[in-house]
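Step one of this worksheet: look at the structure below.
Quantities reported herein were computed from a predicted structural model and do not represent experimental measurements. Ligands are counted one by one from 1 in listed order, and the atoms in each one are counted from 1 as well.
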Amino acid sequence: MTILVTGATGAVGRLVVAELLNAGQHVRALTRTPAAANLPDGVEVVGGDLEDPASLEGVFDGVDRMYLFPIGRTAREVVAAAKQTGVRRIVVLSGAMAGSDDGPGGYLPVERAVEDSGLEWTHVRPGEFALNWLGWAAAIKAERVVRRPYGGAVTQPTHEADVAAVAATVLVEDGHAGRKYTLAGPEALTTVAQAHAIGAAIGDEVRFEELDPVEARGQWIRDGYPEAFVDWIFMLWAESARHPEPVNEEWASVVPRLTGRPARTFAEWATDHSADFR
Ligand SMILES: NC(=O)c1ccc[n+]([C@@H]2O[C@H](COP(=O)([O-])OP(=O)(O)OC[C@H]3O[C@@H](n4cnc5c(N)ncnc54)[C@H](OP(=O)(O)O)[C@@H]3O)[C@@H](O)[C@H]2O)c1
């Protein structure tokens, strides 16, 4: 069986490739720049751009299943080409916000294209990636500090390795067709606790400095974040700081249920990435 992994050079995609190789599958990996892919031996690397469906000629030949990195604009054409060439199952890297209308998402057009295709599909909808915390790396490296508004806001960070493990499981195993798996890590942690967990992982104290939300908003916009995104995320954090949610046990249960292994904690994630913060 040949499984096509799109987004194969991404943080999750590389781990999906590794999981599938471990499971003994033949992996074809799509990238826009094959020369820079640096994927393991045994992976068949092919060139193509999901935003340019014409560039995908031949990419689906002999492919049975596909892991689809979410690009909404061309999803229908990509899925149609895959179906026409004989792909039978598509696993979408989606997001927990896919089900709501207020996120910046962009996942729904991909999910709908796949659902409408008549192929077997499964959506993997992770919550916030712990990887987003790499945005703190420069300040932690330089000053051992995290400066943010809403230190009491709670999130349930998801380790990219768990996203990949779930995706690989539903690519290989039967019994997941038509399922939407929203998943997250095992703990709900405040922003302050996350900063301290990174400190523990690097064996040094990391301070948290609470910023004024109005000043922080202005700074983020000056730094180039889209205003709508900043307002959306600040609104979520403000709400979370006022009413911290407990762990979403349903989301936390997906990784152990599907992979048979406990979901990775934020402390494990911080340890896995400690070199990025030292
Ligand atoms: N951050 C979060 O909190 C969060 C939460 C839920 C879901 N997500 C989803 O997860 C995604 C990130 O996944 P990731 O970390 O594995 O990816 P990543 O590290 O951001 O890498 C992006 C990957 O997508 C590929 N790619 C991008 N545009 C492409 C195109 N036009 N054609 C073909 N390949 C293309 C890149 O391949 P090449 O450059 O090699 O072509 C690369 O492998 C986000 O984009 C979002 O959709 C994120």
| query | Side chain or backbone of Ile71 under 4.0 Å from ligand 1, or both, or neither, by non-hydrogen atoms? | reply | side chain
| How many angstroms lie between NZ in Lys141 and CZ in Arg278, if you round to the nearest 0.5 Å? | 11.0 Å
| said: Between ligand 1 and Ala11, is the shortest N or O to N or O distance under 3.5 Å? | reply: yes
| query | Any side-chain heavy atom of Asp116 sitting closer than 4.5 Å to one from Val79? | reply | no
| Non-hydrogen atoms of Thr2 and Arg28 that approach each other most closely | CG2-CB, 4.1 Å
| request: Provide, to 0.1 Å, the distance between atom 6 (C) of ligand 1 and the closest protein heavy atom, together with that atom's residue and name. | output: Pro126 O, 3.3 Å
| message | Using the side-chain hydrogen bond (donor to acceptor under 3.5 Å, both in side chains) definition, which of the options His123, His176, Arg257 pairs with Tyr181? | response | His176
| said: I'd like to check which ligand 1 atoms, numbered from 1 as shown, lie under 4.0 Å from a non-hydrogen atom of Gly127. | reply: 5 (C), 6 (C)
| query | For ligand 1, which part of Ala36 has a heavy atom less than 4.0 Å away: the side chain, the backbone, both, or neither? | reply | neither
| query | For atom 21 (O) of ligand 1, what is the nearest protein heavy atom, given as residue, atom name and distance? | reply | Gly10 CA, 3.3 Å
| Where is the tightest heavy-atom contact between Val154 and Ser240, given as atom of each residue plus distance? | N-OG, 2.7 Å
| field | Reference residue Glu120; test salt bridge (charged side-chain N to carboxylate O under 4.0 Å, His left out); the match among Arg179, Arg89, Arg65, Arg88 | value | Arg89
| message | Does the Lys NZ or Arg CZ of Arg147 fall within the cation-pi geometry relative to Trp136 - under 6.0 Å from the ring centre and within 45° of the axis? | response | no
| request: Starting at CD of Glu245, measure out to CD of Glu239 and round the result to the nearest 0.5 Å. | output: 8.0 Å
| Between Thr158 and ligand 1, which residue portion shows a heavy-atom distance shorter than 4.0 Å: side chain, backbone, both, or neither? | neither
| Looking only at heavy atoms, is any part of Ala96 under 4.0 Å from ligand 1, and if so is it the side chain, the backbone, or both, or is it neither? | neither
| Residues Glu209 and Arg207 bridged, charged N to O under 4.0 Å | yes
| task | Under 4.0 Å from a heavy atom of Glu128: give me the atoms of ligand 1 that qualify, with their elements. | result | 3 (O)
| task | Please check atom 45 (O) of ligand 1 for a protein heavy-atom neighbour under 4.0 Å. | result | yes
| Exercise: identify the closest heavy-atom pair between Ala263 and Pro186 | O-CG, 3.7 Å
| For atom 32 (N) of ligand 1, closest protein heavy-atom neighbour | Leu50 N, 2.8 Å
| Any idea which atoms of ligand 1 are less than 4.0 Å away from a heavy-atom of Thr31? | 38 (P), 40 (O), 41 (O)
| Which ligand 1 atoms, with their elements, are less than 4.0 angstrom from a heavy-atom of Ala8? | 43 (O)
| message | Starting from Leu39, can I reach Tyr67 by hopping between I/L/V/M/F/W/Y residues whose side chains sit under 4.5 Å apart? | response | yes
| task | Specify the closest pair of heavy atoms between Tyr107 and Leu93, including all atoms of both residues, with the distance to one decimal. | result | CD2-O, 4.3 Å
| query | Out of Tyr107, Phe129, Tyr67, who gets a non-hydrogen atom closest to atom 2 (C) of ligand 1? | reply | Phe129
| query | Between Phe69 and ligand 1, which residue portion shows a heavy-atom distance shorter than 4.0 Å: side chain, backbone, both, or neither? | reply | side chain
| query | Where is the tightest heavy-atom contact between Pro213 and Phe234, given as atom of each residue plus distance? | reply | O-CE2, 3.5 Å
| query | What's the shortest distance from atom 25 (C) of ligand 1 to any protein heavy atom, and which residue and atom give it? | reply | Gly7 CA, 3.7 Å
| field | Residue and atom name of the nearest protein heavy atom (relative to atom 27 (C) of ligand 1), distance in Å to one decimal | value | Arg32 NH2, 3.4 Å
| remark: shortest atom 31 (N) of ligand 1-to-protein heavy-atom contact is with Asp49 OD1, 2.7 Å
| Which atoms of ligand 1 have any heavy atom of Ser94 under 4.0 Å away? | 6 (C), 7 (C)
| request: List every atom of ligand 1 that sits less than 4.0 Å from any heavy atom of Asn132, numbering the atoms from 1 in the order shown and giving each element. | output: 1 (N), 2 (C), 3 (O)
| task | Any atoms of ligand 1 less than 4.0 Å from a non-hydrogen atom of Gly13? List them with their elements. | result | 16 (O)
| message | Just to confirm my output: which protein heavy-atom neighbour is closest to atom 16 (O) of ligand 1, and how far is it? | response | Val12 N, 2.7 Å
| task | Using distance alone, decide if ligand 1 has a nitrogen or oxygen within less than 3.5 Å of any nitrogen or oxygen in Thr9. | result | yes
| With a 4.0 Å cut-off on heavy atoms, is Ala37 touching ligand 1? | no
| said: Which label fits Phe229 and Trp232: parallel for a plane angle under 30°, tilted from 30 to 60°, or perpendicular past 60°? | reply: tilted
